[in-house]
Amino acid sequence: MFPRFSNRDALFRWLDRYTAERKEELDRQRLSPHLGLPKAYLLETAADGSEAQSRALASLPWPVRPTEDPRLLYLLNGQGPWAVLEQLSSRHFALYTLLRHQDFESGFRKVILQNPWWDFAWFAGIALDILWRDYLVEVYPHRFTRLAFEHEARFESLMDGRDITERDSEEPEETVFDREELGADGENEDTFPKERRAASFNFTDLVGRIRSFLPQLQEIHPPFRALKMLRLPASYRGGYDLWSWGKLTFRAPSFREGRVYLLTITRMYQRATELLEQTAWIQAESLELPGGGVRLTGTSITFRFSQPLTPQTLQRFMEGIFGRARNLFRLWGNPIRRSDRFFYVHGVDLHLWEPIGMEFTPEYFRLYLPKGTCGNTVHRLARNLQRYVDPALEVRIGDRPYEDFFRQALWQVAENPSENGE
Amino acid sequence: MKPLEQLNLMLWLVWDAQGALARQGFTLHAIGARIPLDPALQRALIRANSRWKKHAVAPDLLLRYRQGTWWLLECKTSAFGPNSSTAAQAAGMLVLTPRWFAQARGLPEKDVALVKVCYALQGGQEATQQATLEDIRHRLQPHAAVNPAGAFGIYPDGNGLTLRGAGASVCFASAMAISLPPEGVYPLLPVDPSIDANDPDAWKDLQERLRSTFVAWMGKYLPRAVHQPVELRLEEDLLRRAILVWDIWEDESRKTVRRRARAFVRRLLQPVRKYFQHLEERPAGWTFQVPDVTTVDTILKHLLGAESRRREMPAQLSLFDVAPSREEEADEHDRKSGDPNPS
């Protein structure tokens with residue numbers, strides 16, 4: 001639990017000490033049994049100042065108590081403040097907690113994923129790859145890092161006409177996320193794993209060495225493109241594990257250094273989202289000309305599969321989304337079948353309740369975002385499609401690669417930090 | 001290619017990001033705009049051909065090119081001859097020279113330097129159409145100034161299609177190759193009763209757009225309805241969001257779409273009606289409130305549930321199989337005849 005503090009500096013000093021103590025325990029491999037590592041979860045909601053943001057805060061199941069600092073809030077449970085919520089940008093919050101992940105994370109995920117006003121910040125392998133290549137490889141070639149990859153062919157039907165992979169129709173969606181950080185080591189002895197293609201790897205090595213062999217691995221085995229965790233080195237020892245669902249685990253001595261990473265990641269994420277929205281938002285812009293008229297702007301977002309899906313896989317994929325109100329993609333809609341290989345869906349993104357247009361074929365999934373729809377939808381879909389459908393997915397906004405938006409955002413943030421200052 | 005698909009293809013071509021016409025500087029001014037003809041023009045038409053009685057014309061699209069050139073664009077699956085009933089519409093558009101066009105649309109005359117009449121057809125039909133247009137122009141010229149006119153054919157090819165003008169076409173100086181998604185373009189206009197009032201796929205498309213827009217609206221705004229009334233407006237909240245080009249769609253068949261959309265929304269509300277307080281239908285839409293947050297959750301669960309879709313959409317009955325009223329039939333007749341004084 002968090003003690004009460006009168007100001008942000010006091011809170012952060014305390015967190016620095018706590019973080020340093022946990023790092024020492026990690027180094028001795030004797031983590032206190034009831035104390036968790038500091039963690040931050042990057043969350044997205046409606047824009048600042050809007051009625052929707054007030055409603056978002058009110059929708060949380062924990063009482064929210066303001067602090068002296070207007071951008072810091074306590075979240076309470078029966079025992080006191082279990083988390084601190086910090087507003088990092090106009091629509092992003094960091095939730096800091098010291099609880100052990102096994103004590104609260106499963107329930108916390110459910111709360112966020114079932115709450116229409118909140119979503120996690122999603123980092124597809126494509127996006128994490130930008131941090132890997134453009135930052136880690138360039139700046140820290142001689143430091144150790146840890147990378148984790150995971151892919152599960154959740155909807156795949158391997159043999160044409162023969163459904164040899166097990167379906168998940170009865171499995172609660174929440175348990176999918178329970179496996180987030182377990183991988184092979186965390187398999188539950190009491191369950192029988194589903195028989196389908198799945199891959200989970202991680203390795204720790206020098207950045208420069210990983211750089212030399214990773215492209216070859218990615219070439220021969222696509223799940224190595226589905227990066228799910230990337231350790232960002234701390235300035236001295238240790239690092240900060242950034243997960244594909246916006247979680248940052250502090251495995252280094254300094255809380256504030258991890259927070260600096262979090263601020264940079266948030267700014268990059270927000271900027272990439274804004275750039276994507278500006279490009280993709282579909283609208284009929286009124287023209288300032290006599291007699292009026294409109295300019296139709298915006299473009300589609302295409303998620304192209306490296307291999308066409310079989311008809312059975314496409315069917316299962318669509319059933320997995322539209323056959324259940326709660327699904328991995330947080331989408332809802334009624335597919336319209338135009339042919340055996342082409343479906344339209346005029347649907348709803350259940351995060352912030354936005355209508356969206358979708359097209360499904362064996363070769364691609366295409367998205368149309370009306371103006372005002374949150375671009376976070378694209379990040380969530382990219383991450384989940386890479387994770388559960390095709391690790392070698394290619395994503396384009398119009399004719400522009402998705403990764404370009406993150407690359408552009410990362411360097412804009414780096415070159416203009418003062419524009420994004422607190 | 002069906003007429004509605006052709007129309008959506010043209011709309012796609014003026015869509016900024018990928019549209020070949022947008023890149024050339026075309027913008028979209030109106031869809032199905034009804035342009036009244038000055039009495040002087042009406043007389044010129046009758047003098048050219050006694051069967052060419054038109055009070056107004058309604059080209060499928062009005063496009064503007066840069067600042068001063070306007071296209072009156074019609075989409076046809078096949079060419080027509082000079083003696084067909086469709087020729088009257090063509091004649092009406094041909095006499096809408098810049099001054100008359102500006103007057104009819106309420107534009108400053110300096111903003112209308114040139115008006116072109118263009119026909120988009122299935123590939124192979126454009127030469128015949130061009131000949132028809134020239135024939136009509138020839139008949140009109142003793143009685144009125146006429147616009148240039150041209151026809152172009154739409155030819156599917158390996159990667160998309162090619163637009164090819166007829167020999168003397170004023171629309172495209174040279175063939176234009178356009179790459180297209182293989183499954184077709186995203187339909188900006190899902191339905192157009194003036195083209196085909198009974199296209200089941202088109203009505204199904206509109207229905208699903210309305211459903212998703214309705215569910216999204218409910219999710220976002222229903223919480224506001226706790227203890228105080230909110231208003232769901234058919235046009236502003238639903239139709240405008242479901243059909244991106246709604247505001248510039250001037251065709252009177254919007255009335256039909258509005259009527260059927262209202263009927264559909266009534267059916268969407270029906271299964272959850274019991275949860276609302278003071279639910280009232282008004283000309284602009286519906287007002288209602290709910291007693292508490294728990295009721296909000298109940299309504300939303302119901303709207304998202306598969307059962308609700310099955311219940312309100314019986315297998316054999318389309319919600320849009322609603323016979324038009326006599327008033328609507330009369331409206332439809334008037335629209336087709338271009339009568340400015342409907343019965």
Side-chain angles (χ1 to χ4, degrees), chain A residues 46 51-52 55 58-59 116-117 279-280 282-287 289-300 302 322-326 332-336 338-339 341-350 352-357 359 361 363-364 366 368 370-373 397-399, chain B residues 11-12 14-19 22 27-30 62-64 67 102 105-108 110-112 181-184 186-188 190 201 204-224 241-242 244-248 300-301 303-306 309 313:
Chain A
E51 183 192 335
R55 199 174 304 138
S59 73
W117 306 109
T279 308
I282 292 171
Q283 58 178 319
E285 272 179 15
S286 295
L287 292 170
L289 291 171
V294 296
R295 243 179 85 230
L296 298 171
T297 59
T299 188
S300 58
T302 304
F322 302 112
R324 49 204 307 182
R326 283 199 207 127
W332 178 90
N334 237 356
I336 302 171
R338 285 281 186 247
S339 73
R341 30 169 302 118
F342 188 44
F343 297 82
Y344 275 121
V345 185
H346 299 296
V348 179
D349 184 344
L350 296 176
L352 299 180
W353 296 100
E354 296 288 352
I356 55 177
E359 294 170 353
T361 77
E363 285 80 25
Y364 62 79
R366 186 165 282 155
Y368 297 91
K371 184 179 179 184
T373 314
I397 291 80
D399 56 7
Chain B
L11 287 173
W12 193 81
V14 290
W15 189 339
D16 224 37
Q18 59 260 333
T27 54
L28 179 60
H29 189 75
L62 266 188
L63 304 181
R64 173 192 238 144
Q67 293 287 6
R105 292 295 294 175
L107 297 167
K110 64 178 174 57
D111 286 330
V112 186
E183 287 77 19
Y186 182 76
L188 285 167
D201 290 341
K204 173 76 174 162
D205 191 315
L206 175 64
Q207 172 185 303
E208 293 306 321
R209 289 183 197 220
L210 282 170
R211 190 201 307 278
S212 63
T213 310
F214 172 82
V215 168
W217 188 94
M218 281 290 181
K220 216 190 261 284
Y221 298 111
L222 194 59
R224 286 188 197 174
R241 294 212 72 179
L244 185 72
V245 293
W246 179 260
D247 281 345
I248 55 162
L300 292 177
K301 272 201 185 104
L303 292 176
L304 292 177
R309 296 203 290 269
M313 191 59 189

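Side-chain atoms are counted along with the backbone in the values below, which use heavy atoms only and exclude waters and symmetry mates. In what follows, chains carry the letters A, B, and so on, assigned in the order in which the sequence lines appear, proteins first and then strands, with residues in each chain numbered from 1.
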Contacting moiety of B:Leu300, where chain A heavy atoms sit under 4.5 Å: side chain
Who passes side-chain hydrogen bond (donor to acceptor under 3.5 Å, both in side chains) against B:Asp247, sequence neighbours left out? B:Arg240
With a 3.5 Å distance limit and no angle check, can you tell me whether A:Arg55 reaches the backbone of B:Lys220 through a side-chain donor-acceptor pair? yes
Rounded to the nearest 0.5 Å, what separation is found between the OH atom of A:Tyr368 and the CG atom of B:Leu188? 9.0 Å
Suppose we screen for side-chain contact (heavy atoms from CB on, under 4.5 Å). Which residues come up paired with A:Phe342, at least two apart in sequence or across chains? A:Arg338, A:Ser339, A:Tyr344, A:Glu359, A:Thr361, B:Glu183
Sort out for me which of B:Ala30, B:Ala102, B:Pro187 touches chain A most, counting heavy-atom pairs under 4.5 Å. B:Pro187
Where B:Arg241 and A:Pro370 come nearest, the two heavy atoms and their spacing: NH2-CB, 4.4 Å
Checking B:Arg209 side chain against A:Pro355 main chain: does a donor-acceptor pair fall under 3.5 Å? no
Applying a strict 4.5 Å limit to non-hydrogen atoms, the region of B:Val215 in contact with chain A is both
Close side-chain approach of B:Leu244 and A:Leu296, heavy atoms under 4.5 Å: yes
Distance col, row A:Ile336:CD1 vs B:Lys204:NZ, nearest 0.5 angstrom, shows 6.0 Å
Decide side-chain contact (heavy atoms from CB on, under 4.5 Å) for A:His346 and B:Gln207; before the verdict, give the C-alpha distance in whole Å, the side-chain angles of both, and the deciding distance to 0.1 Å. CA-CA 9 Å; A:His346 299 296; B:Gln207 172 185 303; over 6 Å; no
Most heavy-atom pairs under 4.5 angstrom with chain A, which of B:Val245, B:Leu11, B:Leu107, B:Asp205? B:Asp205
What residue, out of B:Arg224, B:Arg105, B:Met218, has the most heavy-atom pairs lying under 4.5 Å from chain A? B:Arg224
Side chain, backbone, both or neither: which part of A:Ile282 has a non-hydrogen atom closer than 4.5 Å to chain B? both
Would you say B:Trp15's side chain and A:Thr299's backbone share a donor-acceptor pair under 3.5 angstrom? no
Is B:Leu63 in contact with chain A via its backbone, its side chain, both, or neither, using a 4.5 Å heavy-atom distance? neither
Counting only non-hydrogen atoms closer than 4.5 Å, does B:Ile248 touch chain A with its backbone (N, CA, C, O), its side chain (CB onward), both, or neither? side chain
